[in-house]
J.: 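This structure is in structure tokens; I'll ask about it shortly.
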Amino acid sequence: MRMLAFAKRCTKEIVRDPINLAFGLGFPLILLLLLSAMQANIPVSLFEINTLTPGITVFGLSFITLFSATLIAKDRESALLQRLYTTPLTSVDFIIGYMLPLLPVSIVQTVICYLFAIPLGLTVSINFAYAVIGIIPMAVFNVALGLMCGSIFSSKQAGGICGALLTNLSAWFSGVWFDLKLVGGIFEKAANALPFVHAVEMERALFNGNFEIATSHMMPIILYSILTTAVAVTVFLGQMKRQ
Amino acid sequence: MQAVKTHKLVKQYKNLTAVYELNFEIRQGELFALLGVNGAGKTTIIKMLSCLTKPTSGDAVVGGYSIAEEHDKVKRIIGVSPQETAVAPNLSVKENLELICGIHELSKEKTQLKTNELSLRFGLDAVLNRKAGKLSGGFQRRLSIAMALIGEPQILFLDEPTLGLDVIARQELWSVIRSLKGKVTIILTTHYMEEAESLSDRIGIMKSGHLLAVGTAAELKEKGKSDDFETAFISLIKESAV
């Protein structure tokens, strides 16, 4: 119950921030709209809605990292976290309380993206449900990354690193905007070593019902999620001790 | 009966000793003020006694529990209002109070009861649905203290409760603190002379991590050889060898 009370508070802080709503929801939807309009006016198949939407849902998750990191960093800077450290809340309560609210937020963000894409021509099928469920491991990765960044950086730094650096990293190395094979070499190898392209390919595969391909991309995402969560928890506990 | 007893409590940060072998006792129901200039070690003591910071050596017994070994038990019997206003800015006053009720695992009925009781006692009923971040400094401090009282603490720590408030807000907060006297043991840090003199049962004067003198305002005035508390304080600080 203690943890749920804290998680409830974190949810309210996130959803009541208009900047969170504008970036987390507004930006991916605007991208969908603009790129679909662009596709309608070019002869080549570059931003087909059925491949673009799964990519945008993964890209949208980078904003979840931004929310998570700024919330934690702001809490650390204020005296609220100090007050809460003097209450019976345990470290487990804090970690789950921070991470838990962002998972439903990620799922809602994904569902809205897919629903928004239907009038733009997205194929409607049961695979939609699999794609929504399949995004959970990547959402865990992004939330954990936010916990880690929020525990290390100030709110300003977290905004810069997660808001600018991570969103760019996630965009460039995800293969949403261009085929990574076109660049090839080290760039392609680096992209394959990171989870973003795997998450996009997995989402695309799930959405198109190619479960074998989806499974092959699942493993690196799960590994990244576990590893990042472990590092994030260690870093968070470290800052808790220092505070 | 003692609410707090410290035994050779020390806090050292690399080359700086913030608190030197501190020994003092606070009686149950007493309002004890730690008075000193900036950097005297007041906040460090509060942080150690509320288990936010580990002492480098020594120990303290808070409500019968050791701060070195019984963190969880200490945290269940204390309330802390930190120096900066510690409220969730995007939550309403009511939601802030409910958050702490949830953390103390109060039932729905008890949460409602506590929220009503504390908002009335602290004059927060008129702003109950306003976001805490939009309140004036005085109201935020009141809310901060109300939040510290939700767990029905035996010992309440108020770290510089009136810092940065205007005269009216300070007076209003003083009457709130006075209303708590006797019901709960209060340990208050301040660098305002009149605050320590007007509110406290006993005062501990601190300088550079040392507790120079402890006593009632009258006793300290006698020690400092002055009828004026501020002059006595300055004399005690200047005469000390530390």
Side-chain angles (χ1 to χ4, degrees), chain A residues 1-24 67-68 70-98 100-102 105 150 154-155 236-243, chain B residues 13 43 46-54 62 67 71-92 94-108 111 131-133 140-141 143-145 147-148 150-151 153 155-157 159-160 163:
Chain A
M1 188 180 161
R2 282 191 310 245
M3 183 271 288
L4 284 179
F6 181 62
K8 207 169 143 186
R9 170 262 160 184
C10 293
T11 311
K12 285 178 184 167
E13 290 276 1
I14 293 161
V15 298
R16 285 181 188 173
D17 190 335
I19 296 171
N20 284 351
L21 287 180
F23 274 93
F67 303 164
S68 163
T70 44
L71 174 69
I72 296 160
K74 272 185 188 169
D75 279 356
R76 278 176 46 235
E77 285 162 9
S78 80
L80 181 70
L81 208 53
Q82 258 189 36
R83 169 198 287 284
L84 297 179
Y85 286 158
T86 65
T87 67
L89 277 174
T90 63
S91 46
V92 175
D93 294 329
F94 279 110
I95 290 162
I96 299 178
Y98 273 127
L100 195 66
L102 284 155
V105 171
S154 68
S155 58
F236 183 81
L237 292 177
Q239 72 78 30
M240 206 173 160
K241 263 189 183 173
R242 278 195 303 279
Q243 287 244 333
Chain B
Y13 296 103
T43 299
I46 295 266
K47 282 187 173 175
M48 283 194 282
L49 295 179
S50 59
C51 301
L52 266 175
T53 303
K54 269 188 181 175
V62 175
I67 59 162
H71 279 203
D72 294 344
K73 287 175 182 165
V74 172
K75 284 179 179 183
R76 287 185 184 278
I77 58 154
I78 61 166
V80 181
S81 178
Q83 195 174 99
E84 293 161 65
T85 310
V87 297
N90 280 332
L91 264 57
S92 70
K94 191 175 175 220
E95 287 168 336
N96 266 284
L97 294 170
E98 285 171 348
L99 163 68
I100 306 295
C101 289
I103 286 169
H104 286 280
E105 297 182 295
L106 303 188
S107 67
K108 235 181 182 177
T111 296
K131 276 190 182 177
Q140 287 194 3
R141 291 289 164 87
L143 173 60
S144 186
I145 298 175
M147 286 163 78
I150 282 175
I155 299 154
L156 176 66
F157 295 97
D159 194 5
E160 304 268 10
L163 188 73

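Just so it is clear: chains get the letters A, B, ... in the order the sequence lines come, proteins before strands, and each one is counted from 1.
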J.: Once rounded to the nearest 0.5 Å, what's the spacing between atom NZ of Lys47(B) and atom CD of Gln82(A)?
T.: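 These two atoms lie 4.5 Å from each other.
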
J.: Side chain from CB out, backbone as N, CA, C, O: work out which of these in Val87(B) comes under 4.5 Å of a heavy atom of chain A, or both, or neither.
T.: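 Interface part for Val87(B): backbone (N, CA, C, O).
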
J.: Pick whichever of Ser81(B), Cys51(B), Pro82(B) has the most heavy-atom pairs under 4.5 Å with chain A.
T.: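 Highest number of heavy-atom pairs under 4.5 Å: Pro82(B).
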
J.: Measuring heavy-atom distances to chain A, does Pro153(B) have an atom under 4.5 Å in its side chain, in its backbone, in both, or in neither?
T.: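 No part of it gets close to chain A.
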
J.: Can you name the closest pair of heavy atoms from Ala132(B) and Asn96(B) and give their distance?
T.: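 That closest heavy-atom pairing would be CB-ND2, 3.4 Å.
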
J.: Any idea which of Leu89(A), Leu80(A), Thr90(A) has the most non-hydrogen atom pairs under 4.5 angstrom with chain B?
T.: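 Looking at each option in turn, the highest pair count goes to Leu80(A).
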
J.: Taking the side chain as every heavy atom from C-beta outward, state whether Leu97(B) and Met147(B) have any pair of such atoms under 4.5 Å apart.
T.: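 In contact.
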
J.: Parallel, tilted or perpendicular: which one describes the rings of Phe236(A) and Phe94(A), with boundaries at 30° and 60°?
T.: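 Tilted, since the angle between the ring planes falls between 30° and 60°.
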
J.: If you count heavy-atom pairs under 4.5 Å between each of Lys74(A), Met1(A), Met3(A) and chain B, which one has the most?
T.: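 The option with the most such pairs is Met1(A).
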
J.: Can you tell me which of His71(B), Arg76(B), Glu95(B), Glu84(B) forms the most heavy-atom pairs within a distance under 4.5 Å of chain A?
T.: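 The candidate making the most pairs under 4.5 Å is Glu95(B).
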
J.: Please classify the contact between Glu105(B) and chain A as side chain, backbone, both or neither, with a heavy-atom cut-off of under 4.5 Å.
T.: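 Both backbone and side chain of Glu105(B) come within 4.5 Å of chain A.
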
J.: Does any backbone or side-chain atom of Thr111(B) lie under 4.5 Å from a heavy atom of chain A? Answer side chain, backbone, both or neither.
T.: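 For Thr111(B), neither part sits under 4.5 Å from chain A.
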
J.: More than 12 heavy atoms of other residues, nucleotides or ligands under 6.0 Å from CG of Leu4(A): is that the case?
T.: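 For Leu4(A), atom CG is crowded (more than 12 foreign heavy atoms under 6.0 Å).
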
J.: What part of Leu84(A) is in contact with chain B, defined as an atom under 4.5 angstrom from a non-hydrogen atom: side chain, backbone, both or neither?
T.: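 Just its side chain gets close to chain B.
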
J.: Which answer fits Ile150(B), side chain, backbone, both or neither, if we ask what part of it has an atom under 4.5 Å from a heavy atom of chain A?
T.: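 For Ile150(B), there is no contact with chain A at all, as no heavy atom is under 4.5 Å.
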
J.: Rounded at 0.5 Å granularity, tell me how far CG in Asn90(B) sits from CZ in Arg9(A).
T.: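 The distance works out to 8.5 Å.
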
J.: Within a radius of less than 6.0 Å around NZ of Lys8(A), do more than 12 heavy atoms belonging to other residues, nucleotides or ligands occur?
T.: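 Incorrect, the count does not exceed 12.
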
